[in-house]
Every structure is written in C-alpha cells, then in structure tokens.
Amino acid sequence: MPGPIQSIERAAAMLRLLARGSGHHGLAEISASLGLPKGTAHGILRTLQRVEFVEQDQTTGRYRLGAALLHLGTSYLDANELRSRSINWADTLAARSGQEVRIGMHLDGAVLVVHHVFRPDDTMQTLGIGAMLPLHATALGKVLLAYDADLSATTRRRELTSLTRRTIVTPAALERVLVQVRTRGWASEAEEFMPGEASIAAPIRVPGGLVVGAIGISGAVDRICDSASRPKPALVEDVSFAADAVSRALTTGS
C-alpha cells in the first residue's frame, strides 16, 4: 500500500488551523503555527483557494475557510481520543521521569487537563483530570500558545494574571518566550504557576503538523531544573520523546 501523501496532510492541518479562533489568519501565522516555510504554506493556500476550500480577504490579505468546505461539515479530535491515544506513553513518561504527567488541550482560554498520571511514589496527590490551567504560566499552556497564533494574540491582549513573583505578565515577554518554544520544540517554566514547582512540556501533533495538545511533567523545581532554574536535559528528552510517540499514535491510529 502507498504511504501517506504529505501535501494532503499539510492541507488538512491548515484547514483545521483556519477553523480555530476567529478563523482569520495571515500567511506568517499559518506558516509559523504549522512549522512550514512561507513559500510552501502559500502554495497550499493557493491550491485550497482554487477548490474554494479557503478564501482570502482582499482588504487584509488574511485567510479563512471557504463556503465550499463549510458545506462538507467538520470533524475534530476530541479530548477522549487524545486521552486514549496518550495513556500508555503518559504512564511510561511518569515511570521514566519520576514526575507527574499531564496531557492538556485548549478550551475556553485555558488548558484543559484531559489526562493525569500520578508521580510513582507514595506521596499524597490529587487527581487533576478536568482542571483548567493558565496558558501563560504553565509549560503546557506555552506549547499551545506557541503553535496557535490566533490564541496567542488573544491571550496577549488580555491581562496576564500574576500568580507568583516569576509569572510572565507582559505581552512582549510572553511573545519572546513563545518564539523560544517554537525554536526549541518544547516549553518550560520554573515557579511561574506555583512556588517551588516547575514543568516541561512538548507538542502533540496530528498528521500535517497541527498541534492539538501537549504532554508534560511537573514536580518540585529542584527535581525538574538545575541550580540555575534551567530544565534538566534528560527530562526534556523524555518529554519530547513521549510527545513524538503520542503524535505517531495519532497518525497510525494505534
């Protein structure tokens, strides 16, 4: 059997992206969100325009879903599917890292925790499934913001609540961090959400590159970070490996 066709996967990811938020995205936002060169993204957009799946606003130059596509109906990855494809790798990540693991996706301007694995020790812990976490102060949230330009812009227009003395509270500082996330392919925070705690997260993607969620670890800052509050490389590698594995599971359906 022939393998998947990359251009179709990318086009599908682009359509999913355009269905998010305001539904109006510029070329730079689309290419950055999907990790594509601008020329490649522009070529796909032109093709989608020809078949009327995408329309371009002649005044702003921004793109939106076309009427022809809207008539076909929509489908999406829901929280239950993301959780079911992630369970085994989340358990493995908790065992390897010794930390608690959360899987999150965006919902109503926050991170919805769809799966939570306890630390593999005997300490008292509380199940976090269903919790809503701040986008700007958590590693999970930074991943979701970094790969969704519309969500990022909306978040930066709102007041960024200070949760600790280290929470990022200015739009410019948050944008600088999101650029780093896209460059590195993972996010971290140290005592930005809760004093004494830190976290690391990486993106979960569907075929075509669209980020639909994030997986990450959290725990005591001295276990997650070195003396300079930098995340430990071995833990970054563990989280990134788990994110890639979940992404492959979503691609293969197993």
Side-chain angles (χ1 to χ4, degrees), residues 20 33 77-83 85-87 89-94 97 99-119 125-152 154-156 158 160-161 163-164 166-168 174-175 177-182 184-194 196-206 210-221 223-225 231-232 235-247 250:
R20 286 180 170 179
S33 295
L77 178 73
D78 63 20
N80 289 330
E81 184 178 357
L82 178 59
R83 180 176 182 273
R85 302 296 185 194
S86 307
I87 287 177
W89 293 108
D91 290 343
T92 300
L93 178 58
S97 67
Q99 307 303 320
E100 62 182 308
V101 174
R102 290 185 177 90
I103 295 168
M105 61 191 303
H106 170 243
L107 178 67
D108 296 335
V111 182
L112 170 66
V113 177
V114 301
H115 188 54
H116 180 206
V117 181
F118 287 151
R119 290 186 305 276
Q125 299 174 64
T126 302
L127 187 64
I129 294 176
M132 302 292 281
L133 307 177
L135 288 164
H136 69 292
T138 60
L140 291 171
K142 289 177 184 178
V143 167
L144 298 176
L145 288 172
Y147 296 99
D148 188 330
D150 190 71
L151 177 61
S152 173
T154 300
T155 301
R156 285 183 282 113
R158 297 172 179 167
L160 300 176
T161 304
L163 303 171
T164 75
R166 301 191 64 172
T167 305
I168 296 173
L174 180 59
E175 179 56 26
V177 169
L178 299 183
V179 170
Q180 290 180 339
V181 173
R182 289 190 291 271
R184 296 170 175 171
W186 52 269
S188 66
E189 60 84 17
E191 300 187 284
E192 295 177 37
F193 178 46
M194 294 184 65
E197 293 195 4
S199 61
I200 304 169
I204 296 172
R205 300 176 184 270
V206 293
L210 183 66
V211 173
V212 294
I215 183 171
I217 61 173
S218 58
V221 66
R223 292 180 177 270
I224 300 290
C225 302
K232 297 179 180 179
L235 293 178
V236 171
E237 184 176 348
D238 287 342
V239 172
S240 298
F241 181 87
D244 289 342
V246 175
S247 298
L250 291 171

Checklist entry - Of the non-hydrogen atoms in P134 and F193, which two are nearest, and what is the gap between them? => result CD-CE1, 3.5 Å

Item to check | I103/V246 under side-chain contact (heavy atoms from CB on, under 4.5 Å): CA gap, chis, key distance, verdict | outcome: CA-CA 10 Å; I103 295 168; V246 175; 5.6 Å; no

Checklist entry - What closest approach, in Å, do C225 and A198 show between heavy atoms, and which atom pair accounts for it? => result SG-CB, 3.8 Å

Next on the checklist: If we ignore hydrogens and angles and just use 3.5 Å, is the side chain of T167 paired with the main-chain N or O of E192 as donor and acceptor?
Outcome noted: yes

Next on the checklist: Test your reading of the model: is there a side-chain donor-acceptor pair from S152 to the backbone of D148, 3.5 Å cut-off?
Outcome noted: no

Next on the checklist: If you count every heavy atom of other residues, nucleotides or ligands that lies below 6.0 Å from W186 atom CH2, does the total exceed 12?
Outcome noted: yes

Item to check | Residues, nucleotides or ligands: over 12 heavy atoms within 6.0 Å of E237 CD | outcome: no

Checklist entry - For the side-chain contact (heavy atoms from CB on, under 4.5 Å) test, which of I224, D238, I200 pairs with Q99? => result I224

Checklist entry - Any ion pair linking E175 and R182 (charged N to carboxylate O, less than 4.0 Å)? => result yes

Item to check | Check: E191 main-chain N/O paired with T164 side-chain donor or acceptor under 3.5 Å | outcome: yes

Item to check | Step-by-step side-chain contact (heavy atoms from CB on, under 4.5 Å) determination, V101 to V239 | outcome: CA-CA 9 Å; V101 174; V239 172; over 6 Å; no

Next on the checklist: Tell me if a side-chain donor or acceptor on S247 pairs with a main-chain N or O of R205 at a distance below 3.5 Å.
Outcome noted: yes

Checklist outcome for this item: Heavy-atom closest pair (V221 atom, A190 atom, distance to 0.1 Å) is CG2-CB, 4.2 Å

Next on the checklist: Quick one, I204 and V143 - any side-chain contact, counting heavy atoms below 4.5 Å?
Outcome noted: no

Checklist entry - Considering all heavy atoms of both residues, which atom of Y147 and which atom of P203 are nearest to each other, and what is their separation? => result CE1-CG, 4.0 Å

Checklist entry - What's the spacing between T155 OG1 and D150 CG if we round to 0.5 Å? => result 9.5 Å

Item to check | Non-hydrogen atoms of E189 and S199 that approach each other most closely | outcome: OE2-OG, 2.8 Å

Checklist entry - Given the rule in the side-chain contact (heavy atoms from CB on, under 4.5 Å) test, do F241 and L93 qualify, once you have shown the distances and angles that lead to the verdict? => result CA-CA 9 Å; F241 181 87; L93 178 58; over 6 Å; no

Checklist entry - What pair of heavy atoms forms the shortest contact from A94 to V117, and how long is it? => result CB-CG1, 3.6 Å

Next on the checklist: What's the separation between atom NZ in K142 and atom CG in L174, rounded to the nearest 0.5 Å?
Outcome noted: 8.0 Å

Item to check | R223 CZ: over 12 foreign heavy atoms closer than 6.0 Å | outcome: no

Checklist entry - In Å, rounded to the nearest 0.5 Å, how long is the span from CG of L135 to NE2 of H106? => result 5.5 Å

Checklist entry - Can you check side-chain contact (heavy atoms from CB on, under 4.5 Å) on V111 and R102, steps first, answer last? => result CA-CA 10 Å; V111 182; R102 290 185 177 90; over 6 Å; no

Item to check | Separation between CG of L163 and NE2 of H136, rounded to the nearest 0.5 Å | outcome: 5.0 Å

Checklist outcome for this item: To the nearest 0.5 Å, atom CG of L133 lies from atom OG1 of T138 at 5.5 Å

Checklist outcome for this item: CG of L151 to CG of L178, rounded to nearest 0.5 Å, is 9.5 Å

